[in-house]
Amino acid sequence: ATTLLNVSYDPTRELYQEVDRTFAAQWARTHGGAPVVVRTSHGGSGAQARSVQEGAPADVVTLGLAYDIDMLAAVGLLPANWQGLLPHNSTPFTSTIVFLVRKGNPKGIHDWPDLVRDGVQVITPNPKTSGGARWNYLAAWGWALRQPGATPDTARAYLRSLFAHVPVLDTGARGATNSFVQRGTGDVLLAWEDEALMAARDIGPDQFDMVVPPLTILAEPPVAVVERNAKAHGTLDLARAYLDFLFTDAGQRIGAKHYFRPVTPSILAENRATFADTATFDIASLGGWTQVQKTHFADGGVFDGIYAR
Amino acid sequence: MSGRVGRWGFAALVWGMVGMMVVLPPVMVFAGALAHGLRAAWDGLCDPDALSAIRLTLLITALAVAINSFFGVMAAWTLTRFSFPGRGLAIVLVELPLSVSPVVGGLVWLLVFGTQGWWGAALERWGYPVMFAPPGILLATLFVTFPYVTRTMMPMLRHMGRAQEEAAVMLGAGMWRVLWHVTLPGARAALLSGVLMTTARAMGEFGAVSVVSGHIPGLTETMPLHIETLYNGYQTVAAFAMAALLALMAMGVVAVRGLVERTALRMGKIA
Amino acid sequence: MSVRLEHLVRRVGGRPIVDDISLEVETGSFTALLGPSGAGKTSLLRIIAGLDGHDAGCVFLNGARVDMLEARSRNIGFMFQNYALFDHMTVARNIAFGLSIRPRKTRPTRAQIAARVEELLDLMHLPGMGGRYPHELSGGQRQRVALARALATGPRVLLLDEPFGALDPLVRRSIRGWLRDVHDRLGLTTILVTHDRNEACELADTIALMRDGRIVQSGTPQQLRDAPATPFAMAFMQDVTRLPGRVAAGLFIADLPDMRPVPAQGPDGRAELLVRAGDVRLLPGQGAATAWLRQTYGPIGTFDVMSGPDTLRLDALIPPGAARIVVNCALDASAGRVARDGQWLGGAGDGGDSDDNDDGEMTDPACIAPVVANLSKP
Amino acid sequence: MSVRLEHLVRRVGGRPIVDDISLEVETGSFTALLGPSGAGKTSLLRIIAGLDGHDAGCVFLNGARVDMLEARSRNIGFMFQNYALFDHMTVARNIAFGLSIRPRKTRPTRAQIAARVEELLDLMHLPGMGGRYPHELSGGQRQRVALARALATGPRVLLLDEPFGALDPLVRRSIRGWLRDVHDRLGLTTILVTHDRNEACELADTIALMRDGRIVQSGTPQQLRDAPATPFAMAFMQDVTRLPGRVAAGLFIADLPDMRPVPAQGPDGRAELLVRAGDVRLLPGQGAATAWLRQTYGPIGTFDVMSGPDTLRLDALIPPGAARIVVNCALDASAGRVARDGQWLGGAGDGGDSDDNDDGEMTDPACIAPVVANLSKP
Amino acid sequence: MAGHGAARQGAGGHAPFTLWRRRRDGLPGFGVGLSLTLGWLGVLVILPLLALLARPWAQGVGSGLGAFAHIVHDGRMLAALRVSFVSALVAAALDVVAGVVIAWGLVRARVPGWRVIDALVELPFALPTAVVGITMATLYGPHGWVGAPLSHLGMKVAFTPLGIVVALMFVGLPFVVRTVVPVLRALPPEAEEVARTLGATRAQVVARVVMPALYPALLTAFAMAFARGVGEYGSVIFIAGNQPYHTEIAPLLIVIRLQEYDTQGASLIGLVLVAIAMASLGVIAWVRRHVGRGGAGGAI
Ligand SMILES: Nc1ncnc2c1ncn2[C@@H]1O[C@H](COP(=O)(O)OP(=O)(O)OP(=O)(O)O)[C@@H](O)[C@H]1O
Ligand SMILES: Nc1ncnc2c1ncn2[C@@H]1O[C@H](COP(=O)(O)OP(=O)(O)OP(=O)(O)O)[C@@H](O)[C@H]1O
Ligand SMILES: [Mg+2]
Ligand SMILES: [Mg+2]
Ligand SMILES: O=S(=O)([O-])[O-]
């Protein structure tokens, strides 16, 4: 059987399980029973991108943020214009950053300022190692910048007090979710919308509530074919077909089922009830990944400054 | 010391410590594994990815134990029986991996065999990828379990002395026969100890392996990595079931050692 | 098979621990390497066996030089002090080891090996013990197993490193005779290392007395006892009393006032007299010393002698008809030898051959207190 | 301080390893517990020290019963065979240990302790060694440190378990005299465990000969040698030749044809004659035996005697004017004792007191082959 | 038969001096053993460590030095090192105390069920570190079996430095017990008995005779537990909290650097870790040699 390796990030475990199965079945159907095995590896987005850079034989990558795929382009694993090769900036699904709280919202958390009240513990992973954490961070940053009279300094101050409420920085989004969900740590989890919905609906309907803040970021986790690897493995066509599948209606519906916002408007409309309406801003409004990475997450950047003494 | 009270008090102290520090976590693991009954735990282990992780772990462990035991015995023997310039340094180097972080134990192999490393690109071009494939996992495991056999064998060999070996030589035995017929049976207990530690550590290694594995289910996930994957996928029972299985395997090795030691004791070979 | 050593030297850390040793051991002879601890006996034996290398000199077996021959190819039987039995093998497998590891071509069949083991067990008086493990044997039995193992491959030369060291004194004595018997019966060439002079005297035809890596003297036990080459050889081979004094005008004058002067050749100066325990005579009525008899062993007694300010314990012939206390006596030690700086003073007492003592006196009692006189002590 | 043991019993696993032992050790005396390995010597010493308990009987120190007193309260100095020095302490701290652990009230000041250590170092001839660690000392020095440590707290009783076991034979002999000296000078009561009869004879006033957990005989060395209570005692205290034979009509008839019959009381049946090495006489021209002289030690020779079908090696007085070979001789061993089943046969040879041998014969040569005759061998 | 030439040469004269003589000492197999050992050591230890040693300078010595200077001045890095070392130190020290108590219970006191304890002691070794981490975080978390009662007492373990110590103690304990037990077993009883005849009480025997004899072994055990603790990753990150300056451990910082695509920085921290671990092992070895002279601990 031909094997296809998708190197993905933490919160997509359930999503790609179904995608892989469906795609393999469909490929077999359309290619005369040719068996295909799709494997997906999960982990913090940054860690995953690094493995691929160091030689993990990924045919496709489906990561938490574009910057990580840019780093693969930087070492020539795929063309620099990768984001233009697929529709919607190579982003099959979007998501937002939301709050997951204990059932009944005992701490009364509704908006970003509530997170920094006394006695509130916030769970979020480490932006250095987790893509989701960067979205969390940037959501808070963007919100703070959009407050009346805000300056980068006030935003910095807000983030500083926010992270002062974080008792544990897990290395990946799923690790943080587990800290909150399975080990009962903290009062509010900053999470991908899909993580939060899954927790609130599937894992513990009687334990958690999801709170959507009035303003948050639009997260755009992109996908790409790792062309050099796929060529070497002879799986270029398969890889392309796999990613294309994500943009088909079938693929989009699977995404929606796992609480990722479809980019196909019709399918998004079908799932109106699932995805709360809220105001969002995107990464471009913050200057794009390259810029953001440099100012915020690089060694000695704003994030390090938050903890600096 | 007031005998009776003191004795029972001390026993309580010892058991308290053992309970808190040693027993509690494994108990939790087993409790987690059996939270939904044996059946659920069993099903968790029967998943193809789980089976492949078990297979990979067994394979890697067997290889690591075989390689490190063979070379470890040779090194322990050479380092205790002969003196040569640089022997002290060699002993330090043998011990070194013990004091190196497992993360570094993975990192170093990336530096050698990763695409960005010395030979990785070339090897990949030749079609022999090492990192993010079983050979890489093996290398990381070998590095991490490197010292155990040598470490436990050396004091034992020193203690045994070379008289029996020399006796064998005088009877016409060459190096291999000496090792096989005299050294190894004599140092059996220490060897077993070392092999046990190597086995347990090889099966359970997480840090080093996770750096070089790529976490590909069904391909490069060992049991510890798969446990993490399961746990992160909310499959708590399966995760703990696999952890319990791992603990049972290691306990099995401990038991085997105990058994062998007791037979040896009966034969009068007190190590 | 004869063994010849020529100018053997072995250095460890620059220091020679075997220092220019030459020795000839004839086929069929029984030689003892005798000497105090650290003399280099074991070192020498190990060089012969090929277990240790040497820095100079040659080893010949049956006239052929074997320096570069590996230990395993020399076909020498070696018995270690602590036996070095293979703990994890039965007695039978221990004995069979040397045969069972031979390359297939030269290896006897299983039945042959078993027969040989049986034969050796019989020879060693160990019937039916083949199935035991070494730890189930007594010291003496272990010793015999070790010997059987060393003999199994049919070596012509047998090297024994203090084979009786760990044994009970009774067992030890009984096993000695038997060992000599095996040697004679099998026609072996045997070299035995020991630091027990009785053992060496009893067992060996030739003794090589060693000290500090050198052979001090070699010869028959009789020769070593009767004509010791150095004071050390005399003191090591027999219990001696050392009497300090000085040489003046051809006479040795002991510091002890009542000791008769002894003729001594050599330049004047400090010297000491070595006399065998029992070779001293008390001469009642001829001096000012008082002697208390403490113990007797036949004709010999242990006396506490008070002479001038000093008291000295020594063994002397009991004067005929003597009571517990002998008063006003002098001491005669003219059978002794005069030494200075570890060497004999020219000729003095060198006539002291064995015949001197054939007039019914005893020379070497086992149960006599060897007295180390320390006259300078308060 | 005197030591008295009354009917002591200690059982291990049901087997008595100390079996109804009574012993009286007087104040100031030097007693040796002598016996083969496993006799129970160490076990007995440990009971006296209070290190092991006992199942029956009593231990008295100076007349006071101490059975229930802990080892630490008995104030007995104990020296182990391997010295058991504290490896991690300097020599000085080893010696000071017993004093420095005293409760504050009875503890001497630091200066006093230091002075005491100095004094002991001097006594033991260990000047300036206080700062060394045990592993930097030679065996003999370690031994003295152990003794100094045992003496530091001023015990009146000193127990020594094979103190010379690990020492070089030369060192060993020199240290013996010195130990006895310390004992005398400090007025100690000393009990020494050894399995070396020479050591026991030389050092001790009284010897208690042990075997299988019992005291076989106790008395002065002279008594044990001259009137051994059992054949075992005789064989243990001296080199003896055993001659198998049988008793018939009041005579012991050796299996060796040319041996003169020896008077023996007791019922007829198999028996054996024990005779001290050297107590045998060759009677030339009176029999059919042939004797080869192998070695001489003064008046005594080692002979290979061929009599009938058997050859036997034994030590005998050299007949006056004898050549290397004595033909047609008979053997006279009438100085021996006849035994059966480990007991003397009533009275036979029991007149063999020390006086018997005062006619110039020797009794106990060190360098004589003790021969164990094995006539049934092919 | 290399000996023939020599025999002919040496037969005539005596004390022949030959230049080519090789002193052949001891057992056979030196060459084979040495090459196998060096080969194994070379491939599995020397090669990768050389790579680690070389990596920081791969982009030029200047860049390496710069990165190094940066690390030395990086407060967060130093803080992480401090967290790792202090918690490893504390955990190792506590392990030594607990290990001695348990070893004593096993060997000397023979507490009821000592055989069971003997078998259990290796359990921490058997669990993968990640599982240890997860269970520890659960146990000591706010709702855990241990954490909940503790939090009622106002004590927080998970996500505090204490949590790191707890995890490291679990991982290090078998090292201590396994090191101390054989030494304790092998301690000759005579030294203790002698002390008793010299008037020492039981407490004095333990404190002044037994413990000092154990020091070398304890130091070894401490060193092993400490070295293991400094590098430990899997079992710590779940319970540590991973907050920079507070509960972030040095190995995590390596991972973070890696994920910042900063292999150079990661290698440098790795080197620093190796260097410091080696140095502390060296110090302990030195202390052992010069302070705990003699002693029974040499067996390990
Ligand atoms: N490998 C070695 N390294 C250093 N010195 C050694 C070595 N082997 C032997 N020696 C030294 O050589 C000398 C002779 O040692 P050897 O063992 O031959 O003496 P020995 O006569 O057998 O003594 P013993 O009766 O105590 O067995 C001793 O001083 C010993 O310390
Ligand atoms: N703890 C014990 N358990 C079982 N048997 C013992 C024990 N201690 C001593 N024995 C037995 O008691 C007997 C006497 O032993 P002990 O050590 O007193 O002999 P010994 O006369 O000192 O011998 P050696 O000269 O060999 O030291 C031996 O048979 C020994 O096996
Ligand atoms: Mg020797
Ligand atoms: Mg004893
Ligand atoms: O998988 S994450 O990168 O979102 O942690």
Side-chain angles (χ1 to χ4, degrees), chain B residues 1 10-11 13-14 17-18 21-26 28-29 71 74-75 77-78 81-82 84 90 93-94 96-104 107-109 111-112 116 118 142-143 146 155 159 162 165-166 169 174-175 178 197 200 204 206-207 224 227-228 231 243 246-247 250-251 254 258, chain E residues 26-30 32-34 36-37 40-41 44-49 51-52 55 98 101-102 105 109 111-112 117 119-132 134-136 138-139 169-170 173 202 227 231 233-234 251 254-255 263 266-267 270 273-274 277-278 281 299-300:
Chain B
M1 208 180 266
F10 186 73
L13 175 69
V14 171
M17 279 183 166
V18 171
M21 297 183 61
V22 176
V23 179
L24 212 48
M28 236 210 82
V29 168
F71 286 99
M74 290 311 300
W77 189 71
T78 307
R81 295 295 186 248
F82 303 101
F84 49 91
L93 284 175
V94 167
L96 191 64
L98 267 192
S99 55
V100 171
S101 173
V103 176
V104 177
L107 167 65
V108 287
W109 294 113
L111 297 179
V112 179
Q116 318 278 302
W118 287 352
L142 282 173
F143 183 86
F146 184 87
H159 172 80
R162 49 204 291 169
E165 291 169 8
E166 289 180 340
V169 169
M175 166 196 183
V178 167
M197 290 204 208
F206 175 78
I227 291 169
E228 195 203 18
Y231 185 77
L246 205 45
M251 283 153 79
V254 177
Chain E
L27 299 161
F30 174 58
V32 178
L34 188 64
L36 287 176
T37 303
W40 179 60
L41 206 56
L44 284 187
V45 176
I46 299 176
L47 167 72
L49 283 180
L52 184 69
R55 183 60 185 84
V101 171
I102 293 173
V111 301
I117 296 181
L120 287 179
V121 155
E122 252 142 18
L123 267 182
F125 217 75
L127 286 181
T129 51
V131 175
V132 173
I134 292 170
T135 31
M136 286 300 211
T138 312
L139 271 175
M169 273 179 77
F170 180 80
L173 189 67
R202 252 174 75 161
Y233 175 74
I254 297 180
V255 173
T263 315
S267 311
L273 272 187
V274 171
M278 292 266 301
L281 289 184
I300 296 297

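Below, read A as the first sequence line, B as the second, and so on, with proteins coming before strands; counting in each chain starts at 1. Being a predicted model, the structure only gives us computed values, none of them experimental. Computed over heavy atoms, backbone and side chain alike; hydrogens, waters and symmetry mates excluded.
- Residue contact with chain E, scored on non-hydrogen atoms closer than 4.5 Å, involves the backbone and the side chain of B:V94 alike.
- Only the side chain of B:I227 comes within contact range of chain E, with heavy atoms under 4.5 Å apart.
- Between the CG atom of B:L24 and the CG atom of E:L139 there is a distance of 5.0 Å, given to the nearest 0.5 Å.
- Residues E:A51 and B:V112 approach most closely at CB-CG2, 3.5 Å, considering heavy atoms.
- Among the candidates E:I46, E:I254, E:L34, E:T138, the residue making the largest number of heavy-atom pairs closer than 4.5 Å to chain B is E:L34.
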Starting from the C-alpha separation in whole Å, work towards a yes-or-no answer on side chain to side chain contact (heavy atoms under 4.5 Å, CB included) for E:M278 and B:L96.
CA-CA 8 Å; E:M278 292 266 301; B:L96 191 64; 2.5 Å; yes
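- If you tally non-hydrogen atom pairs under 4.5 Å between each of E:V32, E:V121, E:V132 and chain B, the highest count goes to E:V32.
- One finds the CE atom of B:M17 at 11.5 Å from the CD1 atom of E:I117 (value rounded to the nearest 0.5 Å).
- Counting heavy-atom pairs closer than 4.5 Å to chain B, the top-ranked of the candidates E:V101, E:L49, E:V274 is E:V101.
- Nearest heavy-atom pair, E:L47 versus B:W118, reported as atom, atom and distance to 0.1 Å: CD1-CZ3, 3.9 Å.
- Among E:G105, E:P128, E:P251, E:S267, the residue with the largest count of heavy-atom pairs under 4.5 Å with chain B is E:P128.
- The two residues E:V111 and B:F10 come nearest to each other via the heavy atoms CG1-CD2, 3.9 Å.
- Most heavy-atom pairs under 4.5 Å with chain E: of the set B:A90, B:P26, B:G207, this distinction falls to B:P26.
- Residues satisfying the side chain to side chain contact (heavy atoms under 4.5 Å, CB included) test with E:A227, not counting sequence neighbours, are B:S99, E:L281.
- Residue contact with chain B, scored on non-hydrogen atoms closer than 4.5 Å, involves the backbone and the side chain of E:L41 alike.
- Using cut-offs of 30° and 60° on the angle between ring planes, the pair B:F82 and E:F30 is tilted.
- For the options B:L98, B:V23, B:V103, B:V29, heavy-atom pairs under 4.5 Å to chain E are most numerous at B:V103.
- Taking all atoms of both residues into account, the shortest heavy-atom contact from B:M74 to E:G33 is CE-CA, 3.8 Å.
- Between chain B and the residues E:G234, E:A266, E:A98, E:P124, the largest count of heavy-atom pairs under 4.5 Å involves E:A98.
- Contact annotation: the side chain of E:V45 approaches that of B:P97 to within less than 4.5 Å [non-hydrogen atoms, C-beta and beyond].
- Remark: E:L127 CG to B:M251 CE distance equals 9.0 Å, nearest 0.5 Å.
- When all heavy atoms of E:T135 and B:P25 are compared, the closest pair comes out as CG2-O, 3.9 Å.
- Contact of E:M169 with chain B is made through backbone and side chain together, with heavy-atom distances under 4.5 Å.
- In this structure, chain B has a heavy atom under 4.5 Å from the side chain of E:V131, while its backbone stays farther away.
- Among all heavy-atom pairs drawn from B:S101 and E:L273, the shortest one is CB-CD1, 4.2 Å.
- The salt bridge (Lys or Arg N to Asp or Glu O under 4.0 Å) check on B:E165 picks up B:R81, with sequence neighbours excluded.
- In this structure, the separation between OH on E:Y233 and CZ on B:F206 is 7.0 Å, given to the nearest 0.5 Å.
- The CH2 atom of B:W77 lies 10.5 Å from the CG atom of E:L36; values are rounded to the nearest 0.5 Å.
- Contacts of B:L246 with chain E are made by both backbone and side-chain atoms, with heavy-atom separations under 4.5 Å.
- Taking OG1 of E:T263 as the start and CD of B:Q116 as the end, the distance is 6.5 Å to the nearest 0.5 Å.
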